[in-house]
Protein chains: 2
Amino acid sequence: MSNHAAGDGTVGKAIAVLDQIAVCERPVRFSEILKESLYPKATLYRLVQTLTNQGMLNYDEENGTYALGFRLVKLAHSAWRQSSLAPIARSFLDLLATETDETLHLAQMNDGQVLYIDKRNAASPVEMFSSAGKTGPGHCTGVGKAILAYMAPKDQAKALTRQSFFQYTKNTIITENALKSELVEISKTGLAFDHEEHEAGIICIAAPILNSRGRAIGAISLTSTTNRNSIQSLKAHTETLKNTAMKIAKAAESWQFPN
Amino acid sequence: MSNHAAGDGTVGKAIAVLDQIAVCERPVRFSEILKESLYPKATLYRLVQTLTNQGMLNYDEENGTYALGFRLVKLAHSAWRQSSLAPIARSFLDLLATETDETLHLAQMNDGQVLYIDKRNAASPVEMFSSAGKTGPGHCTGVGKAILAYMAPKDQAKALTRQSFFQYTKNTIITENALKSELVEISKTGLAFDHEEHEAGIICIAAPILNSRGRAIGAISLTSTTNRNSIQSLKAHTETLKNTAMKIAKAAESWQFPN
DNA sequence: AATTCTGTTCCATTATGTGGAACATTTTGT
DNA sequence: ACAAAATGTTCCACATAATGGAACAGAATT
(Lines give C-alpha, C1' and ligand atoms only; values in the text may rest on other atoms or scores of the structure.)
Protein backbone atom coordinates (compact mmCIF):
# COMPACT_ATOMS: atom_id res chain seq x y z
CA MET A 1 0.00 0.00 0.00
CA SER A 2 2.98 2.31 0.25
CA ASN A 3 4.28 4.24 -2.68
CA HIS A 4 6.56 7.26 -2.17
CA ALA A 5 9.20 6.78 -4.81
CA ALA A 6 10.99 3.65 -3.60
CA GLY A 7 11.23 4.23 0.10
CA ASP A 8 11.75 1.03 1.97
CA GLY A 9 10.94 0.94 5.60
CA THR A 10 11.70 3.35 8.35
CA VAL A 11 15.32 3.88 7.45
CA GLY A 12 14.27 4.75 3.93
CA LYS A 13 12.12 7.49 5.34
CA ALA A 14 14.88 8.70 7.61
CA ILE A 15 17.28 8.94 4.71
CA ALA A 16 14.67 10.75 2.68
CA VAL A 17 14.55 13.35 5.43
CA LEU A 18 18.31 13.75 5.19
CA ASP A 19 18.00 14.26 1.47
CA GLN A 20 15.32 16.82 1.96
CA ILE A 21 17.44 18.80 4.36
CA ALA A 22 20.42 18.45 2.07
CA VAL A 23 18.77 20.35 -0.73
CA CYS A 24 18.22 23.36 1.48
CA GLU A 25 21.24 25.57 1.34
CA ARG A 26 21.03 26.64 4.93
CA PRO A 27 19.88 25.27 8.28
CA VAL A 28 16.14 24.83 8.44
CA ARG A 29 13.48 24.91 11.08
CA PHE A 30 11.29 21.96 11.85
CA SER A 31 8.27 23.61 10.31
CA GLU A 32 10.10 24.19 7.06
CA ILE A 33 10.90 20.52 6.83
CA LEU A 34 7.35 19.67 7.67
CA LYS A 35 6.00 21.89 4.95
CA GLU A 36 7.84 19.96 2.26
CA SER A 37 7.51 16.59 3.87
CA LEU A 38 5.33 13.67 2.94
CA TYR A 39 5.12 12.54 6.52
CA PRO A 40 2.74 13.71 9.22
CA LYS A 41 4.02 15.97 11.94
CA ALA A 42 4.46 13.47 14.73
CA THR A 43 6.17 10.97 12.48
CA LEU A 44 8.55 13.51 11.05
CA TYR A 45 9.23 14.80 14.50
CA ARG A 46 10.38 11.43 15.70
CA LEU A 47 12.51 10.84 12.63
CA VAL A 48 14.24 14.15 13.07
CA GLN A 49 14.80 13.47 16.75
CA THR A 50 16.31 10.11 16.06
CA LEU A 51 18.58 11.47 13.36
CA THR A 52 19.63 14.26 15.63
CA ASN A 53 20.71 12.18 18.53
CA GLN A 54 22.50 9.96 16.08
CA GLY A 55 24.57 12.89 14.92
CA MET A 56 23.24 12.69 11.40
CA LEU A 57 21.50 15.97 11.98
CA ASN A 58 22.80 18.85 13.98
CA TYR A 59 20.38 20.89 16.03
CA ASP A 60 21.25 24.49 16.63
CA GLU A 61 19.68 25.46 19.93
CA GLU A 62 20.18 29.16 19.31
CA ASN A 63 18.00 29.35 16.27
CA GLY A 64 16.13 26.10 16.53
CA THR A 65 17.39 24.94 13.18
CA TYR A 66 18.51 21.62 11.82
CA ALA A 67 21.40 20.98 9.47
CA LEU A 68 23.16 17.88 8.26
CA GLY A 69 25.49 16.65 10.96
CA PHE A 70 29.17 15.99 11.13
CA ARG A 71 28.71 12.31 11.46
CA LEU A 72 27.91 12.33 7.78
CA VAL A 73 31.15 14.09 6.99
CA LYS A 74 33.03 11.52 8.97
CA LEU A 75 31.26 8.63 7.29
CA ALA A 76 31.80 10.18 3.91
CA HIS A 77 35.48 10.38 4.52
CA SER A 78 35.52 6.65 5.01
CA ALA A 79 33.39 6.18 1.94
CA TRP A 80 35.75 8.30 -0.05
CA ARG A 81 38.76 6.29 1.02
CA GLN A 82 37.06 2.96 0.77
CA SER A 83 35.09 2.98 -2.39
CA SER A 84 36.28 5.78 -4.59
CA LEU A 85 39.16 5.99 -6.99
CA ALA A 86 40.53 9.03 -5.21
CA PRO A 87 43.10 7.39 -2.97
CA ILE A 88 44.42 5.37 -5.86
CA ALA A 89 44.41 8.22 -8.32
CA ARG A 90 45.84 10.78 -6.01
CA SER A 91 49.52 10.57 -6.84
CA PHE A 92 48.84 10.35 -10.55
CA LEU A 93 46.70 13.44 -10.41
CA ASP A 94 49.39 15.30 -8.51
CA LEU A 95 51.83 14.45 -11.23
CA LEU A 96 49.45 15.40 -13.99
CA ALA A 97 48.76 18.68 -12.25
CA THR A 98 52.40 19.67 -12.20
CA GLU A 99 52.88 18.51 -15.78
CA THR A 100 49.95 20.39 -17.23
CA ASP A 101 49.33 23.18 -14.74
CA GLU A 102 45.63 23.08 -15.45
CA THR A 103 42.54 22.31 -13.41
CA LEU A 104 41.83 18.60 -13.12
CA HIS A 105 38.80 16.64 -12.02
CA LEU A 106 38.37 13.04 -11.05
CA ALA A 107 34.80 11.84 -11.25
CA GLN A 108 32.73 8.70 -11.03
CA MET A 109 29.15 8.09 -12.02
CA ASN A 110 26.40 7.41 -9.60
CA ASP A 111 22.93 6.73 -10.83
CA GLY A 112 23.45 8.72 -13.99
CA GLN A 113 24.85 11.68 -12.16
CA VAL A 114 28.46 12.72 -12.26
CA LEU A 115 30.01 12.72 -8.80
CA TYR A 116 33.21 14.66 -8.43
CA ILE A 117 35.64 12.80 -6.26
CA ASP A 118 38.78 14.84 -6.39
CA LYS A 119 40.17 17.95 -7.94
CA ARG A 120 43.41 19.79 -8.57
CA ASN A 121 43.23 23.48 -9.05
CA ALA A 122 45.45 25.32 -11.45
CA ALA A 123 46.14 28.24 -9.14
CA SER A 124 45.27 27.36 -5.56
CA PRO A 125 46.00 23.91 -4.19
CA VAL A 126 43.85 21.27 -2.55
CA GLU A 127 40.32 22.04 -1.60
CA MET A 128 38.65 18.90 -0.57
CA PHE A 129 34.95 18.66 -0.11
CA SER A 130 34.41 21.93 -1.87
CA SER A 131 34.47 19.85 -4.98
CA ALA A 132 34.54 16.29 -3.73
CA GLY A 133 30.95 15.22 -3.28
CA LYS A 134 29.64 17.77 -5.71
CA THR A 135 27.42 16.37 -8.41
CA GLY A 136 26.83 17.36 -11.96
CA PRO A 137 24.81 16.29 -14.99
CA GLY A 138 26.04 13.48 -17.21
CA HIS A 139 24.84 14.68 -20.55
CA CYS A 140 26.88 17.84 -20.79
CA THR A 141 30.11 17.33 -18.92
CA GLY A 142 33.33 15.90 -20.25
CA VAL A 143 33.64 13.31 -17.52
CA GLY A 144 29.98 12.44 -17.80
CA LYS A 145 30.14 11.72 -21.48
CA ALA A 146 33.44 9.88 -21.18
CA ILE A 147 31.94 7.52 -18.64
CA LEU A 148 28.64 7.09 -20.46
CA ALA A 149 30.48 6.18 -23.64
CA TYR A 150 32.15 3.26 -21.92
CA MET A 151 29.28 1.81 -19.97
CA ALA A 152 27.76 -1.60 -20.57
CA PRO A 153 24.81 -1.07 -22.96
CA LYS A 154 22.29 -1.97 -20.30
CA ASP A 155 23.79 0.40 -17.75
CA GLN A 156 24.18 3.11 -20.34
CA ALA A 157 20.54 2.90 -21.28
CA LYS A 158 19.54 3.19 -17.66
CA ALA A 159 21.88 6.11 -17.09
CA LEU A 160 20.53 7.88 -20.14
CA THR A 161 17.03 7.76 -18.73
CA ARG A 162 18.33 9.67 -15.73
CA GLN A 163 19.56 12.59 -17.78
CA SER A 164 17.58 15.76 -17.58
CA PHE A 165 18.81 17.02 -20.93
CA PHE A 166 18.46 20.44 -19.47
CA GLN A 167 19.86 23.10 -21.76
CA TYR A 168 22.54 24.78 -19.68
CA THR A 169 24.07 26.68 -22.58
CA LYS A 170 23.43 27.03 -26.27
CA ASN A 171 25.85 24.16 -26.92
CA THR A 172 24.23 21.68 -24.57
CA ILE A 173 23.14 18.47 -26.21
CA ILE A 174 19.48 18.18 -25.44
CA THR A 175 18.30 15.04 -27.15
CA GLU A 176 19.06 11.48 -26.31
CA ASN A 177 19.77 10.61 -29.93
CA ALA A 178 22.28 13.40 -30.41
CA LEU A 179 24.00 12.35 -27.23
CA LYS A 180 24.05 8.72 -28.27
CA SER A 181 25.81 9.44 -31.51
CA GLU A 182 28.33 11.60 -29.73
CA LEU A 183 28.96 8.74 -27.32
CA VAL A 184 29.72 6.50 -30.28
CA GLU A 185 32.27 9.02 -31.47
CA ILE A 186 33.83 9.20 -28.05
CA SER A 187 34.12 5.46 -27.79
CA LYS A 188 36.12 5.48 -31.01
CA THR A 189 38.67 8.04 -29.90
CA GLY A 190 38.68 7.50 -26.15
CA LEU A 191 38.39 11.21 -25.60
CA ALA A 192 35.42 13.37 -24.69
CA PHE A 193 35.01 17.11 -24.95
CA ASP A 194 32.98 19.76 -23.30
CA HIS A 195 32.48 22.63 -25.72
CA GLU A 196 30.98 25.04 -23.19
CA GLU A 197 28.07 22.68 -22.88
CA HIS A 198 27.59 22.99 -19.16
CA GLU A 199 28.82 26.48 -18.49
CA ALA A 200 29.62 29.26 -20.89
CA GLY A 201 33.33 29.92 -21.18
CA ILE A 202 34.32 26.59 -19.67
CA ILE A 203 35.78 23.86 -21.83
CA CYS A 204 37.42 20.56 -21.08
CA ILE A 205 38.79 17.33 -22.41
CA ALA A 206 38.15 14.10 -20.57
CA ALA A 207 39.33 10.51 -20.69
CA PRO A 208 37.65 7.45 -19.18
CA ILE A 209 39.32 5.19 -16.65
CA LEU A 210 38.63 1.66 -17.80
CA ASN A 211 38.60 -1.69 -16.08
CA SER A 212 39.96 -4.85 -17.64
CA ARG A 213 36.73 -5.42 -19.51
CA GLY A 214 36.85 -2.00 -21.07
CA ARG A 215 34.11 -0.48 -18.93
CA ALA A 216 34.46 2.94 -17.35
CA ILE A 217 34.96 3.04 -13.63
CA GLY A 218 35.54 6.78 -13.65
CA ALA A 219 37.03 9.57 -15.68
CA ILE A 220 39.47 12.43 -15.45
CA SER A 221 39.21 15.76 -17.12
CA LEU A 222 41.35 18.75 -17.81
CA THR A 223 39.43 21.99 -17.65
CA SER A 224 40.13 25.50 -18.85
CA THR A 225 38.42 28.66 -19.91
CA THR A 226 37.88 29.98 -23.42
CA ASN A 227 39.92 33.02 -22.46
CA ARG A 228 43.04 31.04 -21.85
CA ASN A 229 42.54 28.08 -24.16
CA SER A 230 40.63 26.44 -26.95
CA ILE A 231 39.68 22.82 -27.36
CA GLN A 232 42.40 22.67 -29.97
CA SER A 233 45.07 23.87 -27.57
CA LEU A 234 43.83 21.53 -24.86
CA LYS A 235 44.29 18.66 -27.25
CA ALA A 236 48.00 19.07 -26.74
CA HIS A 237 47.48 17.31 -23.43
CA THR A 238 45.61 14.38 -24.93
CA GLU A 239 48.34 11.81 -24.56
CA THR A 240 49.31 12.88 -21.06
CA LEU A 241 45.70 12.74 -19.99
CA LYS A 242 45.07 9.35 -21.54
CA ASN A 243 48.24 8.01 -20.05
CA THR A 244 47.29 9.14 -16.61
CA ALA A 245 43.89 7.54 -17.01
CA MET A 246 45.57 4.31 -18.00
CA LYS A 247 47.93 4.41 -15.08
CA ILE A 248 45.06 4.95 -12.69
CA ALA A 249 43.19 2.09 -14.30
CA LYS A 250 46.14 -0.22 -13.87
CA ALA A 251 46.64 0.81 -10.27
CA ALA A 252 42.95 0.24 -9.57
CA GLU A 253 43.12 -3.19 -11.12
CA SER A 254 45.93 -4.35 -8.89
CA TRP A 255 44.54 -2.68 -5.84
CA GLN A 256 41.93 -5.36 -5.26
CA PHE A 257 42.48 -7.32 -2.07
CA PRO A 258 45.62 -5.86 -0.58
CA ASN A 259 45.44 -8.50 2.12
CA MET B 1 15.07 -3.77 27.61
CA SER B 2 17.40 -2.59 24.87
CA ASN B 3 20.87 -1.46 25.66
CA HIS B 4 23.54 -1.34 22.91
CA ALA B 5 25.22 1.96 23.55
CA ALA B 6 22.40 4.39 22.75
CA GLY B 7 20.85 2.89 19.67
CA ASP B 8 17.39 4.17 19.14
CA GLY B 9 15.08 2.32 16.89
CA THR B 10 15.65 0.78 13.55
CA VAL B 11 17.45 3.70 12.03
CA GLY B 12 19.86 3.70 14.93
CA LYS B 13 20.74 0.14 14.10
CA ALA B 14 21.13 0.94 10.44
CA ILE B 15 23.50 3.77 11.19
CA ALA B 16 25.46 1.54 13.54
CA VAL B 17 25.97 -0.81 10.61
CA LEU B 18 27.33 2.05 8.54
CA ASP B 19 29.72 2.91 11.32
CA GLN B 20 30.85 -0.62 11.56
CA ILE B 21 31.60 -0.79 7.87
CA ALA B 22 33.32 2.57 8.03
CA VAL B 23 36.00 1.35 10.38
CA CYS B 24 37.03 -1.38 7.96
CA GLU B 25 39.59 0.02 5.60
CA ARG B 26 38.41 -1.99 2.65
CA PRO B 27 35.18 -3.43 1.28
CA VAL B 28 33.83 -6.24 3.42
CA ARG B 29 31.79 -9.36 2.92
CA PHE B 30 28.50 -9.92 4.60
CA SER B 31 29.91 -12.55 6.88
CA GLU B 32 32.63 -10.22 8.09
CA ILE B 33 30.03 -7.70 9.09
CA LEU B 34 28.02 -10.40 10.77
CA LYS B 35 30.97 -11.58 12.79
CA GLU B 36 31.37 -8.18 14.45
CA SER B 37 27.71 -7.38 14.60
CA LEU B 38 25.36 -7.33 17.54
CA TYR B 39 22.44 -8.23 15.36
CA PRO B 40 21.29 -11.67 14.27
CA LYS B 41 21.90 -12.77 10.74
CA ALA B 42 18.47 -12.20 9.25
CA THR B 43 18.15 -8.79 10.84
CA LEU B 44 21.53 -7.66 9.70
CA TYR B 45 20.82 -9.01 6.28
CA ARG B 46 17.73 -6.88 5.92
CA LEU B 47 19.47 -3.80 7.22
CA VAL B 48 22.30 -4.21 4.77
CA GLN B 49 19.86 -4.75 1.94
CA THR B 50 17.92 -1.65 2.81
CA LEU B 51 21.03 0.45 3.08
CA THR B 52 22.26 -0.90 -0.20
CA ASN B 53 19.25 -0.06 -2.24
CA GLN B 54 19.27 3.34 -0.62
CA GLY B 55 22.75 3.95 -1.94
CA MET B 56 24.23 4.28 1.52
CA LEU B 57 26.10 1.07 0.87
CA ASN B 58 27.58 -0.04 -2.36
CA TYR B 59 27.52 -3.70 -3.26
CA ASP B 60 30.26 -5.02 -5.46
CA GLU B 61 28.83 -7.92 -7.41
CA GLU B 62 32.25 -9.10 -8.52
CA ASN B 63 33.56 -9.85 -5.07
CA GLY B 64 30.35 -9.82 -3.07
CA THR B 65 31.59 -7.03 -0.87
CA TYR B 66 29.97 -4.00 0.67
CA ALA B 67 31.47 -0.55 1.04
CA LEU B 68 30.10 2.78 2.06
CA GLY B 69 28.16 4.26 -0.82
CA PHE B 70 28.41 7.44 -2.77
CA ARG B 71 25.19 8.77 -1.44
CA LEU B 72 27.06 9.45 1.76
CA VAL B 73 29.66 11.44 -0.09
CA LYS B 74 26.94 13.47 -1.70
CA LEU B 75 25.17 14.09 1.59
CA ALA B 76 28.43 14.96 3.28
CA HIS B 77 29.08 17.58 0.68
CA SER B 78 25.85 19.27 1.65
CA ALA B 79 26.68 18.89 5.30
CA TRP B 80 30.03 20.47 4.72
CA ARG B 81 28.54 23.45 2.97
CA GLN B 82 25.65 23.82 5.31
CA SER B 83 26.98 23.33 8.78
CA SER B 84 30.72 23.68 8.74
CA LEU B 85 32.87 26.75 8.90
CA ALA B 86 34.65 25.78 5.71
CA PRO B 87 32.67 27.81 3.18
CA ILE B 88 32.95 30.87 5.39
CA ALA B 89 36.60 30.38 6.22
CA ARG B 90 37.69 29.52 2.74
CA SER B 91 38.81 32.87 1.45
CA PHE B 92 40.55 33.72 4.70
CA LEU B 93 42.45 30.47 4.64
CA ASP B 94 43.50 31.08 1.07
CA LEU B 95 44.88 34.41 2.07
CA LEU B 96 46.63 33.02 5.12
CA ALA B 97 48.13 30.28 2.98
CA THR B 98 49.75 32.71 0.61
CA GLU B 99 50.89 34.92 3.47
CA THR B 100 52.53 32.19 5.49
CA ASP B 101 53.24 29.50 2.94
CA GLU B 102 52.70 26.80 5.54
CA THR B 103 50.24 23.96 5.97
CA LEU B 104 46.94 25.05 7.45
CA HIS B 105 44.07 23.17 8.99
CA LEU B 106 40.56 24.18 9.80
CA ALA B 107 38.88 21.95 12.35
CA GLN B 108 35.77 21.71 14.46
CA MET B 109 35.00 19.51 17.40
CA ASN B 110 32.48 16.74 17.34
CA ASP B 111 31.80 14.75 20.43
CA GLY B 112 35.29 15.32 21.80
CA GLN B 113 36.95 14.37 18.56
CA VAL B 114 38.68 16.81 16.26
CA LEU B 115 37.12 16.83 12.83
CA TYR B 116 39.23 18.33 10.09
CA ILE B 117 37.11 20.40 7.78
CA ASP B 118 39.55 21.97 5.40
CA LYS B 119 43.22 22.15 4.67
CA ARG B 120 45.77 24.13 2.74
CA ASN B 121 48.97 22.47 1.82
CA ALA B 122 52.33 24.17 1.91
CA ALA B 123 54.17 24.34 -1.37
CA SER B 124 56.51 21.63 -0.15
CA PRO B 125 53.77 19.28 0.91
CA VAL B 126 54.23 17.67 4.28
CA GLU B 127 52.86 14.22 3.72
CA MET B 128 50.55 13.91 6.64
CA PHE B 129 47.41 11.96 7.10
CA SER B 130 44.82 14.64 7.27
CA SER B 131 42.15 16.06 5.08
CA ALA B 132 38.50 16.93 5.30
CA GLY B 133 36.42 14.39 7.15
CA LYS B 134 39.42 12.94 8.85
CA THR B 135 39.19 12.85 12.61
CA GLY B 136 41.83 13.15 15.27
CA PRO B 137 42.18 13.14 19.03
CA GLY B 138 41.46 16.25 21.04
CA HIS B 139 44.02 15.90 23.78
CA CYS B 140 47.13 16.10 21.68
CA THR B 141 46.44 18.29 18.69
CA GLY B 142 46.76 22.04 18.46
CA VAL B 143 43.26 22.55 17.17
CA GLY B 144 41.87 20.12 19.71
CA LYS B 145 43.38 21.90 22.65
CA ALA B 146 42.50 25.33 21.29
CA ILE B 147 38.86 24.36 21.06
CA LEU B 148 38.75 22.54 24.39
CA ALA B 149 40.21 25.58 26.10
CA TYR B 150 37.32 27.70 24.96
CA MET B 151 34.40 25.42 25.59
CA ALA B 152 31.69 26.04 28.13
CA PRO B 153 32.75 24.26 31.35
CA LYS B 154 29.97 21.71 31.05
CA ASP B 155 30.79 20.90 27.44
CA GLN B 156 34.48 20.83 28.19
CA ALA B 157 33.99 18.33 30.98
CA LYS B 158 31.98 16.12 28.70
CA ALA B 159 34.54 16.40 25.92
CA LEU B 160 37.35 15.54 28.31
CA THR B 161 35.66 12.28 29.21
CA ARG B 162 35.82 11.37 25.55
CA GLN B 163 39.57 11.68 25.36
CA SER B 164 41.54 8.48 25.13
CA PHE B 165 44.69 10.07 26.49
CA PHE B 166 46.53 7.63 24.34
CA GLN B 167 50.25 8.29 24.31
CA TYR B 168 51.05 8.90 20.66
CA THR B 169 54.54 10.25 21.30
CA LYS B 170 56.72 10.87 24.29
CA ASN B 171 55.36 14.42 24.51
CA THR B 172 51.70 13.48 24.54
CA ILE B 173 49.79 14.72 27.55
CA ILE B 174 48.28 11.64 29.09
CA THR B 175 46.45 12.80 32.17
CA GLU B 176 43.32 14.83 32.44
CA ASN B 177 44.79 17.10 35.07
CA ALA B 178 47.86 17.94 33.06
CA LEU B 179 45.65 18.70 30.10
CA LYS B 180 43.34 20.85 32.18
CA SER B 181 46.13 23.06 33.41
CA GLU B 182 47.44 23.43 29.88
CA LEU B 183 43.97 24.44 28.78
CA VAL B 184 44.00 27.18 31.40
CA GLU B 185 47.28 28.44 30.00
CA ILE B 186 45.87 28.39 26.49
CA SER B 187 42.79 30.32 27.51
CA LYS B 188 45.06 33.07 28.82
CA THR B 189 47.07 33.48 25.66
CA GLY B 190 44.57 32.44 23.05
CA LEU B 191 47.14 30.22 21.41
CA ALA B 192 47.69 26.48 21.57
CA PHE B 193 50.74 24.46 20.62
CA ASP B 194 51.47 20.97 19.51
CA HIS B 195 55.00 20.05 20.53
CA GLU B 196 55.18 16.81 18.58
CA GLU B 197 52.44 15.48 20.79
CA HIS B 198 50.53 13.63 18.13
CA GLU B 199 53.22 12.72 15.67
CA ALA B 200 56.97 12.89 16.04
CA GLY B 201 58.50 15.66 13.99
CA ILE B 202 55.23 17.53 13.54
CA ILE B 203 54.59 20.77 15.37
CA CYS B 204 51.90 23.39 15.14
CA ILE B 205 50.38 26.50 16.58
CA ALA B 206 46.63 26.89 16.72
CA ALA B 207 44.08 29.58 17.47
CA PRO B 208 40.43 29.15 18.36
CA ILE B 209 37.60 30.69 16.37
CA LEU B 210 35.24 32.22 18.90
CA ASN B 211 31.61 33.18 18.83
CA SER B 212 30.28 36.34 20.41
CA ARG B 213 30.11 34.70 23.81
CA GLY B 214 33.75 33.71 23.66
CA ARG B 215 33.14 30.02 22.99
CA ALA B 216 35.06 28.08 20.38
CA ILE B 217 33.20 27.15 17.25
CA GLY B 218 36.32 25.83 15.60
CA ALA B 219 40.04 26.40 15.29
CA ILE B 220 42.76 26.92 12.75
CA SER B 221 46.29 25.71 12.93
CA LEU B 222 49.55 26.25 11.19
CA THR B 223 51.63 23.12 10.93
CA SER B 224 55.24 22.43 10.15
CA THR B 225 58.00 19.93 10.75
CA THR B 226 60.86 20.10 13.20
CA ASN B 227 63.23 19.97 10.27
CA ARG B 228 62.03 23.20 8.83
CA ASN B 229 60.80 25.03 11.91
CA SER B 230 60.60 25.25 15.65
CA ILE B 231 57.70 26.35 17.81
CA GLN B 232 59.65 29.55 18.35
CA SER B 233 59.89 30.28 14.65
CA LEU B 234 56.24 29.43 14.15
CA LYS B 235 55.38 32.02 16.75
CA ALA B 236 56.29 34.64 14.17
CA HIS B 237 52.91 33.86 12.60
CA THR B 238 50.96 34.30 15.83
CA GLU B 239 49.34 37.58 14.98
CA THR B 240 48.49 36.63 11.44
CA LEU B 241 46.94 33.40 12.64
CA LYS B 242 44.94 35.05 15.41
CA ASN B 243 43.79 37.72 13.03
CA THR B 244 42.56 35.19 10.55
CA ALA B 245 40.71 33.37 13.28
CA MET B 246 39.06 36.60 14.28
CA LYS B 247 38.08 37.42 10.75
CA ILE B 248 36.54 34.00 10.32
CA ALA B 249 34.70 34.45 13.61
CA LYS B 250 33.30 37.75 12.50
CA ALA B 251 32.24 36.39 9.15
CA ALA B 252 30.56 33.44 10.85
CA GLU B 253 28.70 35.77 13.16
CA SER B 254 27.20 37.79 10.38
CA TRP B 255 26.53 34.80 8.21
CA GLN B 256 23.45 33.79 10.14
CA PHE B 257 20.29 34.05 8.11
CA PRO B 258 21.38 35.33 4.75
CA ASN B 259 17.74 35.47 3.75
C1' DA C 1 -6.12 39.11 26.34
C1' DA C 2 -6.95 36.79 22.02
C1' DT C 3 -4.95 34.63 17.90
C1' DT C 4 -1.72 32.40 15.23
C1' DC C 5 2.40 29.85 14.55
C1' DT C 6 5.59 26.58 16.09
C1' DG C 7 7.18 22.67 18.64
C1' DT C 8 6.21 18.59 21.82
C1' DT C 9 3.75 14.73 24.06
C1' DC C 10 0.07 11.00 24.34
C1' DC C 11 -1.73 6.64 23.19
C1' DA C 12 -4.66 3.11 20.94
C1' DT C 13 -3.89 0.89 16.47
C1' DT C 14 -1.30 -1.68 13.28
C1' DA C 15 2.35 -1.86 10.29
C1' DT C 16 7.24 -3.07 10.52
C1' DG C 17 10.93 -5.10 11.86
C1' DT C 18 12.46 -9.36 14.32
C1' DG C 19 15.16 -13.61 14.51
C1' DG C 20 15.12 -18.72 14.84
C1' DA C 21 15.36 -22.06 11.69
C1' DA C 22 15.20 -24.14 7.22
C1' DC C 23 16.92 -23.79 2.61
C1' DA C 24 20.17 -22.70 -1.15
C1' DT C 25 24.56 -21.93 -2.94
C1' DT C 26 29.34 -21.74 -3.01
C1' DT C 27 33.87 -23.06 -1.12
C1' DT C 28 36.98 -26.16 1.18
C1' DG C 29 38.80 -30.51 2.45
C1' DT C 30 39.86 -35.56 1.78
C1' DA D 1 33.62 -37.28 -6.62
C1' DC D 2 31.62 -36.78 -2.31
C1' DA D 3 31.19 -35.03 2.19
C1' DA D 4 31.60 -31.16 5.20
C1' DA D 5 31.85 -26.48 6.26
C1' DA D 6 31.11 -21.82 5.35
C1' DT D 7 28.48 -18.30 3.33
C1' DG D 8 24.34 -16.16 1.59
C1' DT D 9 19.08 -15.94 1.14
C1' DT D 10 14.19 -16.78 2.17
C1' DC D 11 10.20 -17.91 5.36
C1' DC D 12 6.90 -16.88 8.74
C1' DA D 13 4.65 -16.66 13.49
C1' DC D 14 5.43 -13.14 16.76
C1' DA D 15 6.06 -8.79 19.22
C1' DT D 16 8.32 -4.72 19.12
C1' DA D 17 8.53 -0.37 17.39
C1' DA D 18 6.70 3.09 14.18
C1' DT D 19 2.31 5.50 13.15
C1' DG D 20 -0.59 9.71 13.11
C1' DG D 21 -4.72 12.04 14.81
C1' DA D 22 -5.52 14.95 18.27
C1' DA D 23 -4.70 17.42 22.32
C1' DC D 24 -1.34 20.29 24.71
C1' DA D 25 2.29 23.80 25.60
C1' DG D 26 5.14 28.01 24.49
C1' DA D 27 6.41 31.89 21.75
C1' DA D 28 5.58 35.34 18.89
C1' DT D 29 2.19 38.63 16.68
C1' DT D 30 -1.79 41.54 16.80
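Keep in mind the model is a prediction, meaning the values are calculated, not measured. Protein chains get the first letters and strands the later ones, always in sequence-line order, with residue 1 at the start of each.
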Worksheet entry | Test item: Leu210(A) and Arg215(A) side chains (from C-beta on) under 4.5 Å apart, heavy atoms | no
Worksheet item: Picking from dG7(C), dG17(C), dT9(D), which would you name as closest to the side chain of Phe30(B)?
Response: dT9(D)
Worksheet item: Choosing from dG7(C), dT18(C), dG20(D), which nucleotide comes nearest the side chain of Arg46(A)?
Response: dG20(D)
Discussion item. Please pick, from dG7(C), dA18(D), dT10(D), the nucleotide with the shortest atom-to-atom distance to any side-chain atom of Tyr45(A).
Written reply: dG7(C)
Worksheet entry | Minimum-distance nucleotide (side-chain atoms of Lys13(B) versus dA18(D), dG19(C), dT18(C)) | dT18(C)
Discussion item. Quick check: do Leu47(A) and Tyr39(A) have side-chain heavy atoms less than 4.5 Å from each other?
Written reply: yes
Worksheet item: End-to-end bend of the helix from dT3(C)-dA28(D) to dT30(C)-dA1(D) (five-pair axes, 10° rounding)?
Response: 40°
Worksheet item: Considering only side-chain heavy atoms of Thr43(A), which listed nucleotide, dG20(D), dA17(D), dG19(C), is closest?
Response: dG20(D)
Practice prompt. Have a look at Tyr66(A) and tell me which of Leu51(A), Thr52(A), Val17(A) forms a side-chain contact (heavy atoms from CB on, under 4.5 Å) with it.
Written response: Thr52(A)
Practice prompt. Ignoring hydrogens and angles, state whether a donor on the side chain of Arg71(B) or Gln54(B) is under 3.5 Å from an acceptor on the partner side chain.
Written response: yes
Item to complete: Can you tell me the distance, in whole Å, between the CD atom of Glu36(A) and the P atom of dT6(C)?
Response: 13 Å
Response to the item:
Result for 5'-nearest mapping on DNA chain C, choosing between Lys41(B) and Leu47(B), is Leu47(B)
Worksheet, complete the sentence: Considering only heavy side-chain atoms of Arg29(A), the closest of dA18(D), dT9(C), dT6(C) is dT6(C)
Worksheet item: Can you tell me how far P of dG20(D) sits from CG of Leu34(A), to the nearest Å?
Response: 12 Å
Fill in: Short side-chain donor-acceptor distance under 3.5 Å, Arg162(B) and Gln113(B)
no
Response to the item:
Which of dC10(C), dG20(C), dG17(C) is nearest the side chain of Thr10(A)? It is dG17(C)
